[in-house]
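Note that the coordinates shown come from a computational prediction; the quantities given were computed from them, not determined experimentally.
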Amino acid sequence: MFRHRGKNRTISHNKKIASLLSFVAGMVNVAGFLSVQRLTTNVTGHFAFFIDEVFKLQFAQSLVYFSYILFFFLGSFVSNLLVEIITRKSERFVYVIPTLIESLILFTVALTGNLLKPGNANLIAFSLLFAMGLQNSLVTRISGALVRTTHLTGLFTDLGIELSQLFFYKLKEQKQKLLATIRLRLRIIIFFFTGGVAGGIFYPYLELYVLLIPATMLLLGLWYDSLKFRIINLRRQRDTKERKLR
């Protein structure tokens, strides 16, 4: 689900990565809000607060909200920068490195967050926003902008457009393609919601240690992707040998 790109990428690959990363984002969203009362998976609200503080001439506070936006942007920038650099050296690890960095950030916040929270709430928010910017850029690049997992505004917009198009698409192929996209949007929404519910259930018991769950899930996703890639390669090698023996 991480490795396939372009024509080799199928709706099945997008479903798998959408399920994993939207669940991760849902958990991070709730854990971040419950721990430091900050939005940590998108910047729309932060931009509104930034403008509000500017008009109030509260420039110090407006700088904090601007920093939230900046760290999400930096995550996106760094993610794509790494993809471009790694692509020129070895495509094998092109999406592994950004995912490992995201997982490392979540592990770090999980293990140190409860100590940082009393006086460094913004540091936690910056870290999580950077991680979510990293993830959003990564999945957008992998899926060709079909999958976005860190916020739902665009998803509900796309879903509304596509549902209305069902009334007008008559050809069977068009309708099937549209329905596949709608199911993908619904999957992202459902898994984001599920991740949020899971985060809300476990946070009272684990606090920021709850982020160990999405961090581990990212590593398991990479392991699964690597294992499946090896199995496919072994099958191809076996089939090649069998053809040569015939």
Side-chain angles (χ1 to χ4, degrees), residues 20-82 97-139 149-153 192-220:
L20 172 64
L21 297 186
S22 56
F23 185 89
V24 167
M27 287 203 79
V28 170
N29 186 45
V30 169
F33 186 77
L34 291 177
S35 62
V36 294
Q37 288 74 56
R38 309 287 194 277
L39 299 172
T40 54
T41 59
N42 67 85
V43 296
T44 307
H46 295 313
F47 190 80
F49 287 126
F50 166 67
I51 296 297
D52 184 53
E53 294 298 334
V54 168
F55 276 106
K56 290 178 181 176
L57 303 181
Q58 300 292 329
F59 296 117
Q61 188 58 37
S62 70
L63 185 61
V64 173
Y65 286 115
F66 177 77
S67 297
Y68 295 152
I69 300 167
L70 179 63
F71 271 88
F72 189 93
F73 164 79
L74 286 174
S76 176
F77 175 82
V78 169
S79 178
N80 199 65
L81 185 68
L82 287 170
I97 303 301
T99 308
L100 285 175
I101 292 172
E102 180 186 352
S103 182
L104 178 62
I105 292 170
L106 296 182
F107 271 118
T108 303
V109 174
L111 297 174
T112 64
N114 291 326
L115 296 174
L116 293 172
K117 194 166 52 173
N120 298 280
N122 283 331
L123 184 58
I124 294 172
F126 294 153
S127 300
L128 296 181
L129 281 161
F130 183 90
M132 290 298 99
L134 198 85
Q135 175 177 302
N136 201 43
S137 175
L138 182 67
V139 73
T149 59
T150 60
H151 52 283
L152 301 182
T153 307
F192 189 94
F193 175 78
T194 306
V197 170
I201 291 170
F202 289 115
Y203 184 83
Y205 305 101
L206 301 175
E207 295 189 325
L208 277 170
Y209 289 116
V210 76
L211 292 176
L212 292 173
I213 298 171
T216 304
M217 288 179 68
L218 288 171
L219 295 181
L220 289 174

Heavy-atom pair of closest approach, residues [X] and [Y]:
X	Y	answer
S127	V109	CB-CG2, 3.7 Å
A25	Q135	CB-NE2, 3.8 Å
V54	F59	O-CE2, 4.2 Å
M132	T40	CG-O, 3.2 Å
G113	I124	O-CD1, 3.5 Å
P214	M27	CD-SD, 3.9 Å

Side-chain donor-acceptor contacts of residues 200-213 below 3.5 Å, not counting sequence neighbours, with atom names and distances?
residue : atom : partner : partner atom : Å
Y203    : OH   : K117    : NZ           : 3.3

- Side-chain heavy-atom pair L129, L74 within 4.5 angstrom cut-off: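 No - every pair of side-chain heavy atoms lies 4.5 Å or more apart.
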With rounding to the nearest 0.5 Å, note down the distance linking [atom1] in [X] to [atom2] in [Y].
X	Y	atom1	atom2	answer
T41	L152	OG1	CG	8.0 Å
N120	T112	CG	OG1	9.5 Å
E102	L21	CD	CG	6.5 Å
F71	F130	CZ	CZ	8.5 Å
L138	I97	CG	CD1	11.5 Å
N29	L34	CG	CG	9.5 Å

- Is there a donor-acceptor pair closer than 3.5 Å between any side-chain N or O of S79 and the backbone N or O of G75?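 No, the answer is negative, given that no donor and acceptor are paired below the 3.5 Å cut-off.
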- Item | Under 3.5 Å: donor-acceptor pair, side chain of S35, backbone of A31 |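 Yes, S35 side chain to A31 backbone: donor-acceptor pair under 3.5 Å.
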- Task: Would you check, one step at a time, whether the test side chain to side chain contact (heavy atoms under 4.5 Å, CB included) holds for L134 with I101?
- Result: CA-CA 9 Å; L134 198 85; I101 292 172; 4.0 Å; yes
- Task: Take Y65 and V43, measure what side chain to side chain contact (heavy atoms under 4.5 Å, CB included) needs, and give me the verdict at the end.
- Result: CA-CA 9 Å; Y65 286 115; V43 296; over 6 Å; no
- Using the ring pair (Phe, Tyr, Trp, His ring centres under 6.0 Å) rule, collect all pairs that involve residues 27-48, keeping only residues at least two apart or in two chains.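 Ring pair (Phe, Tyr, Trp, His ring centres under 6.0 Å) check on residues 27-48 returns H46-Y68.
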- Task: Assess whether side chain to side chain contact (heavy atoms under 4.5 Å, CB included) is satisfied between F72 and N136, documenting all intermediate values.
- Result: CA-CA 9 Å; F72 189 93; N136 201 43; 4.2 Å; yes
- Are F107 and L219 close enough, and set up right, to give a side chain to side chain contact (heavy atoms under 4.5 Å, CB included), and what steps lead you there? CA-CA 11 Å; F107 271 118; L219 295 181; 3.6 Å; yes
